[in-house]
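Scroll down for the structure; my scribbles are underneath it.
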There are 2 protein chains.
Amino acid sequence: MLGADQAHKPLGARQAQKLRTRQALLDAGLRLLEHQSLSSLGLRELTREVGVAPAGFYRHFRDMGDLGVALVEESFGSLREMVRAIRGEQAKADEVIDGTVAVIARYVREHRPHFRFIARERYGGVQPVREAIADELRLFAEELASDLAAQPESEGWSPQDVRMLADLYVDHMVMIAIAFLDVPPEHPESEEDIANIARRQLRLIRLGRSHWLDD
Amino acid sequence: MLGADQAHKPLGARQAQKLRTRQALLDAGLRLLEHQSLSSLGLRELTREVGVAPAGFYRHFRDMGDLGVALVEESFGSLREMVRAIRGEQAKADEVIDGTVAVIARYVREHRPHFRFIARERYGGVQPVREAIADELRLFAEELASDLAAQPESEGWSPQDVRMLADLYVDHMVMIAIAFLDVPPEHPESEEDIANIARRQLRLIRLGRSHWLDD
DNA sequence: CATGTCAGTGAACAACTGTCATCCCAACTG
DNA sequence: CAGTTGGGATGACAGTTGTTCACTGACATG
């Protein structure tokens, strides 16, 4: 009755199976959502794909929006690794930009369905999912803002200006990731073109940043 | 059999009525799409709202995607006026930015359902609609690029760099418009906050532009 | 005035949808 | 080893969905 054990090692075979079905539902959902949006995904369509009775869905999720929120958390979970990778490396300005674009490209390459889902549902028809994505992105922007504020280039900047720069960066990084989504996975030759444009755009923003206090 | 008359004045009462129901379908669609996405909008749900038999829908559109594409054209039709308003005025740099943000705000205020539709379906589940939106935005970016290229600030710029700047501007203007979407129409007091952030972001991009060739 | 065109109708189709009460049986608990 | 728990299956419920069809009647045309 108390849910998962406090110690997470000895997971009963009972709840292990439950988690497996839950994960199967999430995986199948992500697969089906590659070519349609969440609001048009049917409960039976999903359970049919997994091989589970329709009623079994309710053992794991209240409704489709609930599953969508779970998918948001899963997506941003793997994105958080990407963020740490960017924040970790301290290097020259151009190297930071190159590394950022490379990490975005890698993330999209390795988590394509996840990010496609995020892009599609960011302004999609299911409100709780929209809000979950907005929350995650806001959290992302706040972390980036505190990083930027700690850098010497931000000396003399007001907190509001740092935040507006962070928002600009986050919005644009999402746009970059979406651009990477369009390159066909079978032959990623055009990926370098997109990366080139993205790098120049980020460089232009950085240039604007370094002259912000020029008067 | 030849469709509409070449002279568009003497419109038969017959086809006038047809256009009226077609417009009624588009209007009702836009209304219903305010809180859901196109892929979840049902054909019967729409015809019921208009007061037309379900089969009557096919007299005007092949399917829902077809109606969606028509809505895209309608949306960008009113947006084109906004673009002309921005391109028309020639003024100091800061005034251009202020005017741009103001025009975006006005467009969203006056065509809120149209733009909400665009934002939701830009990466939504219906492929033809996605492509129609992408085409319109690409056209927009090309026009903006030719405008930018004609300005003295672009001297020495490669066409590719002008285009990457135009893409950056277009993407960000869309983000600004989406931000305006979230302000409640009943009391638009927070609109000025969003406008302030948007102006500073555009100013930062312009700053980067003016130092692009600095070395 | 007669004829044909065609936007819109109403009925019927098969397939699908979310939801529920119920039972089953493997896995846990003491 | 008994008893309880709970994930999953079953089958049925009442609606809804998109699509097709023959049709009607107001308009347009010759």
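When reading the values below, keep in mind they use all heavy atoms of this one structure, side chains included, and skip hydrogens, waters and symmetry mates. Order of the sequence lines fixes the chain letters, A, B, ..., with proteins taken first and strands second; residue numbering starts at 1 for each chain.
Projected onto DNA chain C by closest heavy-atom contact, Ala55(A) and Arg48(A) fall at different nucleotides, the more 5' of which corresponds to Arg48(A). Take the nearest nucleotide of DNA chain D for Gly56(A) and for Arg62(B): the residue whose nucleotide is more 5' is Gly56(A). With the nearest nucleotide of DNA chain C identified for both Arg59(A) and Gly42(A), Gly42(A) has the one nearer the 5' end.
A straight line from CD of Gln23(B) to P of dA7(C) spans 17 Å, rounded to a whole angstrom. The CG atom of Leu32(A) sits 11 Å away from the P atom of dT17(C) (whole-angstrom rounding). The distance between atom NZ of Lys18(A) and atom P of dC28(C), rounded to the nearest whole Å, is 14 Å. Rounded to whole Å, the distance from CD on Gln36(B) to C1' on dT17(D) is 14 Å. Put simply, CG on Leu43(B) is 12 Å from C1' on dT20(D), counting in whole angstrom units. The interatomic distance linking Glu45(A) (CD) with dC16(C) (C1') rounds to 11 Å, in whole Å. Between the CZ atom of Arg14(B) and the C1' atom of dT24(D) there is a distance of 12 Å, rounded to whole Å. Atom CD in Gln15(A) sits roughly 10 Å away from atom P in dG6(D) (whole-Å rounding).
Contact between the side-chain N/O atoms of His60(A) and the OP1/OP2 oxygens of dG7(D) is not found at any separation under 4.0 Å. Within the 4.0 Å cut-off from OP1 or OP2 of dG7(D), not a single side-chain nitrogen or oxygen of Thr21(A) is found.
Residue contacts shown for Tyr58(B) include a base, since a base heavy atom lies under 4.0 Å away.
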Should Glu136(B) and Arg80(B) be marked as a salt bridge (charged side-chain N to carboxylate O under 4.0 Å, His left out) after you check the CA-CA gap, both sets of side-chain angles, and the distance that decides it?
CA-CA 10 Å; Glu136(B) 295 279 0; Arg80(B) 222 163 282 284; 2.5 Å; yes

Test log, rule salt bridge (charged side-chain N to carboxylate O under 4.0 Å, His left out), inputs Asp171(B) and Arg122(B):
CA-CA 12 Å; Asp171(B) 278 344; Arg122(B) 183 177 184 190; 3.3 Å; yes

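The side chain of Arg44(A) lies closest to dT17(C), out of dA7(C), dA9(D), dT17(C). The listed nucleotides are dT10(D), dG8(D), dA28(D); the one nearest the side chain of Gln17(A) is dG8(D). Distances were taken from every side-chain heavy atom of Ala53(A) (C-beta onward) to each of dA28(D), dT10(D), dG10(C); the shortest belongs to dT10(D).
Salt bridge status for Asp27(A) with Arg31(A): absent, with no side-chain N to carboxylate O gap under 4.0 Å.
One side chain, Arg20(A) or Gln17(A), offers a donor N or O that lies under 3.5 Å from an acceptor on the other.
Proximity of Tyr123(A) to Ile133(A): side-chain heavy atoms (C-beta onward) are nowhere separated by under 4.5 Å.
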